[in-house]
Number of protein chains: 2
Amino acid sequence: MNFAQVRPVVLTEDHTHSACDDCGARTISVCSAIEDRDLAQLSAIAVHRTLEKSRVFIEEGEAASDFFNITAGTVKLFKLLPDGRQQITGFAGPGHFLGLAVADTYAFSAETIEPVRLCRFSRPRLRALMHDFPALETRLLQTACNELATAQEQMLLLGRKTARERVASFLLSRADAAHPCGHPQTELRLPMTRGEIADYLGLTIETVSRVLSRFHADGQITRIATDRIRLTNRAWLENLAAGNLTGA
Amino acid sequence: MNFAQVRPVVLTEDHTHSACDDCGARTISVCSAIEDRDLAQLSAIAVHRTLEKSRVFIEEGEAASDFFNITAGTVKLFKLLPDGRQQITGFAGPGHFLGLAVADTYAFSAETIEPVRLCRFSRPRLRALMHDFPALETRLLQTACNELATAQEQMLLLGRKTARERVASFLLSRADAAHPCGHPQTELRLPMTRGEIADYLGLTIETVSRVLSRFHADGQITRIATDRIRLTNRAWLENLAAGNLTGA
DNA sequence: GGGCTGGGTTGATCGGTATCAATGCCTGAC
DNA sequence: GTCAGGCATTGATACCGATCAACCCAGCCC
């Protein structure tokens with residue numbers, strides 16, 4: 001079968017149509033800085049890939065040759081200590097841009113925690129593109145600032161919040177992560193294991209499990225499945241997460 | 001007295017000479033993106049100020065109207081919980097640029113911990129300057145990436161390191177902060193109190209004090225004064241900070 | 001001088017979370 | 001079907017760092 005016969009119009013007559021056109025993450029990602037008519041240039045330097053679960057595609061200390069944009073699925077970003085202690089610095093979902101926090105080598109590792117689709121840009125090429133489209137650089141700076149604010153919030157969590165406050169904060173951020181622009185959600189999915197939640201919150205598996213059990217017993221949440229939770233008392237969780245319920 | 005008579009040459013004949021020319025922090029700060037001949041434009045929008053100790057000049061949640069560049073002294077950046085718990089997210093010294101991690105409101109507070117000199121830029125004006133000098137925006141993006149990497153390292157510290165590892169990491173970062181480009185230093189100054197060190201490391205005053213006493217007793221450091229320390233066994237501290245001495 | 005205050009150190013005890021351990025549940029292999 | 005392995009939950013106990021408390025010291029005011 002001749003592939004050109006199947007989609008002749010798209011491939012031969014509409015040069016602005018590209019894989020980036022169809023990207024569900026485009027409007028929310030850094031790529032939104034690129035106008036529709038210039039999208040072909042972005043698409044030209046992007047390599048689209050699909051990764052199965054548990055694939056490490058960025059390794060801390062390796063030469064930072066590429067940037068990545070997640071278009072589907074979730075990855076964890078983490079750092080390791082020599083004896084195996086792990087700190088997950090963030091979870092990245094669709095629209096998330098990876099590779100910012102780098103000089104010449106990656107400052108963290110990244111691993112898929114479920115099947116993931118992403119597109120890859122080589123550093124020199126993206127740099128050239130930034131030169132042609134200054135709006136892209138502005139957008140990246142915005143992104144970096146947002147990540148910085150998130151990181152500072154996480155430092156507050158890791159340095160000063162109790163286990164219960166950490167888990168409450170996590171559940172709320174997860175609920176909102178799914179629908180960034182919409183109304184507050186009361187139901188959420190946890191694509192990561194308890195161990196990964198623990199490594200993100202600076203706790204142990206057992207403590208995370210116990211806190212969730214306690215929330216459930218107290219009627220603050222409902223466990224639909226191990227990876228599916230409904231927030232039955234969102235206001236209470238918000239108070240706890242903000243540090244207003246030290247006695248509770 | 002007529003001011004123009006006091007410094008006539010500077011003000012009337014040498015338009016390129018400005019306060020930014022004399023700034024000791026210029027070569028290491030974001031301002032290094034500006035060429036010497038364009039420095040006057042930078043100086044024109046900068047307001048130089050001197051602040052005494054313990055002055056809060058950025059308050060979390062306030063409208064983010066300005067950026068700051070520290071030229072002398074040290075400030076602490078921090079976030080608070082309603083009950084007074086504090087997490088210091090960083091200490092900023094000469095050359096450090098503040099205000100990156102913002103949307104429309106500041107994401108953190110800033111307070112001087114010793115007398116400080118800084119220069120202030122209004123957001124709209126700096127934005128305009130970025131438009132004229134794209135190199136400035138590139139430099140800011142670099143800065144943001146570095147801060148992001150630092151923040152991730154701090155998350156690893158807060159989430160997974162022991163008290164001794166945290167203090168060792170802190171001492172080493174302090175030793176290098178003073179001479180960013182030079183050889184590894186063995187002597188360092190601590191302009192902050194024990195309480196501020198504790199709030200930075202996610203510990204208490206007592207724990208910080210005890211760990212320092214222990215390091216001293218074990219001969220790993222020498223206390224020259226409460227705010228002055230010599231690292232007598234830097235290699236050992238580096239191993240501890242990196243997580244290689246779990247048994248020690 | 002005396003008293004006061006803020007910062008630092010050190011000791012005794014407490015408690016929140018880690019650690020160790022057992023069990024249950026689900027899924028995939030065969 | 002059975003078995004094995006990974007993940008989650010729950011209980012018993014241990015321990016690191018927090019808390020409570022006492023004391024020291026230097027600087028400052030009077």
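Worth knowing before you read on, the calculation uses all heavy atoms, side chains too, and leaves out hydrogens, waters and symmetry mates.
Straight-line distance from the CZ atom of B/Arg194 to the C1' atom of C/dT9: 9 Å, rounded to whole Å. The separation between B/Glu196 atom CD and C/dG8 atom P is 9 Å, rounded to whole Å. Here C/dG11 presents its P atom at 18 Å from CD1 of B/Ile205, a figure rounded to the nearest Å. Spacing between atom CZ of B/Arg214 and atom C1' of D/dC16 amounts to 13 Å, rounded to whole angstrom units. Look at CD1 on A/Ile229: it is 11 Å from P on D/dA8, rounded to the nearest Å. One interatomic measurement links the two molecules: CG of B/Leu212 to C1' of C/dG7, which rounds to 14 Å at whole-angstrom precision. The separation between B/Arg223 atom CZ and C/dG7 atom C1' is 13 Å, rounded to whole Å. Nucleotide D/dT10 holds its P atom 9 Å from the NE2 atom of A/His216, rounded to whole Å.
There is a side-chain donor-acceptor pair under 3.5 Å between B/Ser213 and B/Arg223. Counting only N and O atoms by type, the side chains of B/Thr89 and B/Lys79 include no donor and acceptor under 3.5 Å apart.
The side-chain hydrogen bond (donor to acceptor under 3.5 Å, both in side chains) search around A/Gln220 returns A/Asn233, not counting sequence neighbours.
In this structure, the side chain of A/Glu165 engages the main chain of A/Thr162 through a donor-acceptor pair within 3.5 Å.
Taking only side-chain nitrogens and oxygens, A/Ser213 comes nearer than 4.0 Å to OP1 or OP2 of D/dT10.
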Assign a letter to each nucleotide of nucleotides 14-21 of chain C from its 5' end: B, base within under 4.0 Å of a protein heavy atom; S, sugar-phosphate only; -, no contact. ---SSBBB
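Within 4.0 Å of A/Arg166, counting heavy atoms only, lies no atom of the nucleic acid at all.
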Run B/Phe91 and B/Tyr200 through ring-ring contact (aromatic ring centres under 6.0 Å, His included) and show every step you take. CA-CA 9 Å; B/Phe91 294 100; B/Tyr200 179 58; 5.1 Å; yes
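Ring centroid separation for the pair A/Phe67 and A/Phe97 comes in under the 6.0 Å cut-off.
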